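By convention in this document, chain letters (A, B, ...) are assigned in the order of the sequence lines, proteins followed by strands, and residues within each chain are numbered from 1. Note that the structure is predicted; figures quoted are calculated from it, not measured.
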Amino acid sequence: MAAQKPGLARGTRDFGPVQMSRRNYLFGIIRAVFEKFGFQPLETPAIENLSTLTGKYGDEGDQLLFKILNSGDFMKNASDANLSERNSKSITPEISEKGLRYDLTVPFARYVVMNQHLHTFPFKRYQIQPVWRADRPQKGRYREFFQCDADVVGTNSLLCEAEIVLMIKEVFEKLGLADYSIKLNNRKILSGIAELMGAPGKEGPLCVAIDKLDKIGEEKVFEELKERGFGNDAAEKLKPFLQLSGSNATIIAGLEKLLAGSEVGLLGLAELKEVMIMVEGFGIKVDQLAIDPTLARGLSYYTGCIFEVKPTSVQMGSICGGGRYDDLTGMFGLPNVSGVGISFGIDRIYDVLDELNLFPAESVRTSKVLIANFDEASAMKSLVVLSKLRERGIAAELYPESAKLKKQFTYAESKGIPYLLMAGESEFALGEFGLKNLQSGEQKTFTVDQIISELR
RNA sequence: GUGGUUGUAGCUCAGCUGGUUAGAGCGCCUGAUUGUGGUUCAGGAGGUCGCCGGUUCGAACCCGGUCUUCCACCCCA
């Protein structure tokens with residue numbers, strides 16, 4: 001039988017030792033920051049009931065859900081009508097009731113509602129797990145990728161928003177990434193703009209259109225708005241908003257005037273101002289933070305502040321995003337619990353750091369020393385040495401065969417092991433061993449105890 | 001989901017208007033060097049040209065389908 005050719009499912013990747021070392025380095029930094037801000041870990045299943053997932057991400061999102069075929073004879077419940085019409089959309093609920101999670105926020109909301117009794121509010125959790133989207137893959141866009149989320153539910157305090165900004169700053173500072181911007185806006189401001197344009201409640205289409213601003217330009221945005229049913233004077237009303245620029249203070253002052261006729265809009269602005277004041281209150285300057293009233297991104301469940309982080313020196317989509325959602329737990333029967341959160345897209349951050357060569361060399365984990373294997377008897381005696389090294393916390397390994405030294409050297413080098421220990425017959429006779437630094441080529445003779453203090 | 005694009009050795013890529021045994025560099029393996037790698041030299045292995053089908057006397061090359069990659073749209077981390 002011909003062997004089948006191995007391959008990966010579209011949009012998925014394997015992560016080798018080097019990649020995993022770097023990914024763990026990223027996870028470690030993000031986790032440490034989350035914990036420092038008082039967030040506690042949580043994990044939820046990869047698989048959720050489709051009823052939990054659908055209707056939370058908008059029509060587009062629903063389309064991108066990976067659905068799981070029912071176990072067993074999944075066709076027995078499929079209706080003849082849908083079968084003969086080959087109607088995929090209406091037959092889906094008949095043959096699939098589970099799906100892969102699309103993000104971590106909705107499963108979190110589900111968890112909160114199911115476990116209200118366990119937690120006192122506000123509840124702060126972080127969650128680092130993969131999510132799946134049946135999107136068409138591109139650079140920085142995968143079908144399986146990890147999100148690193150931190151969310152607070154059960155408080156309306158804008159302190160949470162301010163702390164999110166600080167966490168973003170700290171994570172990227174620790175990663176050595178300086179070229180990025182944190183864009184901040186508020187859904188209520190967008191609602192206000194829609195209201196002033198004479199199309200209250202239509203912030204959805206408005207968002208979609210103005211989000212394309214830097215791609216297609218003002219004129220095309222206006223055209224699109226017209227197509228989507230905005231009135232003729234809508235464009236004129238929108239223009240001044242699009243032209244706002246300058247410092248955050250200038251933009252706030254501008255918004256103050258422009259939004260004067262909209263109660264929601266002013267509410268959103270007040271929230272923005274408070275977040276800015278709180279960030280300032282921490283005594284930390286966040287130069288990357290920029291208020292952008294045209295920032296429209298975010299899933300459909302956002303209702304207040306929205307965030308987006310983009311690298312500025314690398315061609316890449318957002319590497320971090322989030323916002324406040326007032327009604328998510330309400331969809332599962334627990335109303336009046338507001339939440340706000342942030343999600344770091346580790347796979348994109350990885351690509352950005354890789355492109356900018358920002359991974360420290362030490363981020364690759366490997367043994368500190370390789371004990372050369374000269375012959376069976378010496379190898380046997382090396383085992384005690386190996387134990388002693390490991391007892392003292394030194395990652396060490398013995399080459400498993402008495403291969404040629406050249407081969408053992410090559411092995412150590414390719415694995416990035418910095419030291420090679422010569423442990424043959426004569427060394428054991430003397431009780432002293434040659435320790436060679438593979439990078440410098442320098443070799444010195446030590447007793448086992450000296451080796452330990454040398455390598456620690 | 002729509003339109004386009006890519007696919008040749010482990011890696012980066014050549015391969016003329018279809019014409020015999022498909023090449024290079026790097027890497028890998030062996031030896032020079034029976035216990036000291038990274039340099040040098042000598043040799044060697046490795047490809048059903050993404051997959052399936054079609055046209056043709058003959059296909060890596062042309063055509064169709066499919067998968068994959070990347071790009072645009074859509075949306076997003």
Nearest-Å distance once atom C1' is located in both B:rU56 and B:rG31: 49 Å
Closest to the A:R133 side chain, choosing from B:rC76, B:rU36, B:rC75: B:rC76
Validation row: A:F433, A:V448 side chains within 4.5 angstrom (heavy atoms): yes
Whole-Å distance separating the NZ atom of A:K56 from the C1' atom of B:rC75: 19 Å
Residues touching RNA chain B, which here means a heavy atom under 4.0 Å, drawn from residues 366-382 of chain A: A:F374
Face-to-face contact A:F145 to B:rA77 six-ring, under 5.5 Å, under 30°: yes
Pairs satisfying salt bridge (Lys or Arg N to Asp or Glu O under 4.0 Å), at least one member in residues 32-51 of chain A, at least two apart: A:K36-A:E170, A:E48-A:R110
5'-most by nearest nucleotide on RNA chain B - A:G434 or A:C320: A:G434
Ring-ring centroid check A:F230 A:F222, cutoff 6.0 Å: no
A:R133 to A:Y102, cation-pi by 6.0 Å centre distance and 45° axis angle: yes
Whole-Å gap separating P (B:rU2) and CD (A:Q63): 10 Å
A:R31: salt bridge (Lys or Arg N to Asp or Glu O under 4.0 Å) partners, not counting sequence neighbours: none
Protein-nucleotides 28-33 of chain B N/O pairs under 3.5 Å:
from: B:rG31; atom 1: OP1; to: A:K404; atom 2: NZ; distance (Å): 2.7
from: B:rG31; atom 1: OP2; to: A:K404; atom 2: NZ; distance (Å): 3.4

Protein-nucleotide distance (A:L64, atom CG; B:rA77, atom P), rounded to Å: 11 Å
Output one line per pair: protein atom, nucleotide atom from nucleotides 70-72 of chain B, and distance, for all N/O pairs under 3.5 Å.
from: B:rC71; atom 1: OP2; to: A:K139; atom 2: N; distance (Å): 2.4
from: B:rA72; atom 1: OP2; to: A:Q138; atom 2: OE1; distance (Å): 3.2

d(CD, A:E413; P, B:rG38) in whole Å: 8 Å
Close approaches to RNA chain B from residues 449-456 of chain A, in residue order (heavy atom, under 4.0 Å): none
A:K183 NZ - B:rC76 C1' separation (whole Å): 15 Å
Rounded interatomic separation in angstrom, taking CZ from A:F172 and P from B:rA77: 13 Å
Axial cation check for A:F39 ring with A:R125, 6.0 Å and 45° limits: no
Pairs under 3.5 Å (N/O, protein and nucleotides 42-53 of chain B):
from: B:rG50; atom 1: O2'; to: A:K5; atom 2: NZ; distance (Å): 2.7

Listed partners of A:R392 passing salt bridge (Lys or Arg N to Asp or Glu O under 4.0 Å), at least two apart: none
Sugar-phosphate only, base, or nothing, as touched by A:G321 at under 4.0 Å among non-hydrogen atoms: sugar-phosphate
Given A:P400, A:S382, A:S402, the one that forms side chain to side chain contact (heavy atoms under 4.5 Å, CB included) with A:N373: A:S402
More than 12 heavy atoms from other groups under 6.0 Å of NZ on A:K67: yes
Sequence neighbours excluded, every pair satisfying salt bridge (Lys or Arg N to Asp or Glu O under 4.0 Å) that has a member inside residues 403-421 of chain A: A:E397-A:K415
Pair of N/O donor and acceptor under 3.5 Å linking B:rG35 base with A:E427 side chain: yes
Nearest-angstrom distance, C1' atom, B:rG19 to B:rG58: 7 Å
NZ or CZ of A:R23 within 45° of A:F146 ring axis and under 6.0 Å: yes
Residues in side-chain hydrogen bond (donor to acceptor under 3.5 Å, both in side chains) contact with A:S378, at least two apart in sequence or another chain: A:D375
Aromatic contact, A:Y350 with A:F359 (centres under 6.0 Å): yes
With sequence neighbours excluded, residues passing salt bridge (Lys or Arg N to Asp or Glu O under 4.0 Å) with A:K436: none
Neighbour count >12 (heavy atoms, 6.0 Å) for atom CD, A:E223: yes
Secondary structure of RNA chain B in dot-bracket form (Watson-Crick or G-U wobble, distances below 3.5 Å, | marking inter-strand pairs): ((((..(..((((.....[...)))).(((((.......))))).....(((((..]....))))))..))))....
Closest non-hydrogen atom pair, A:Y25 against A:K174: OH-O, 4.0 Å
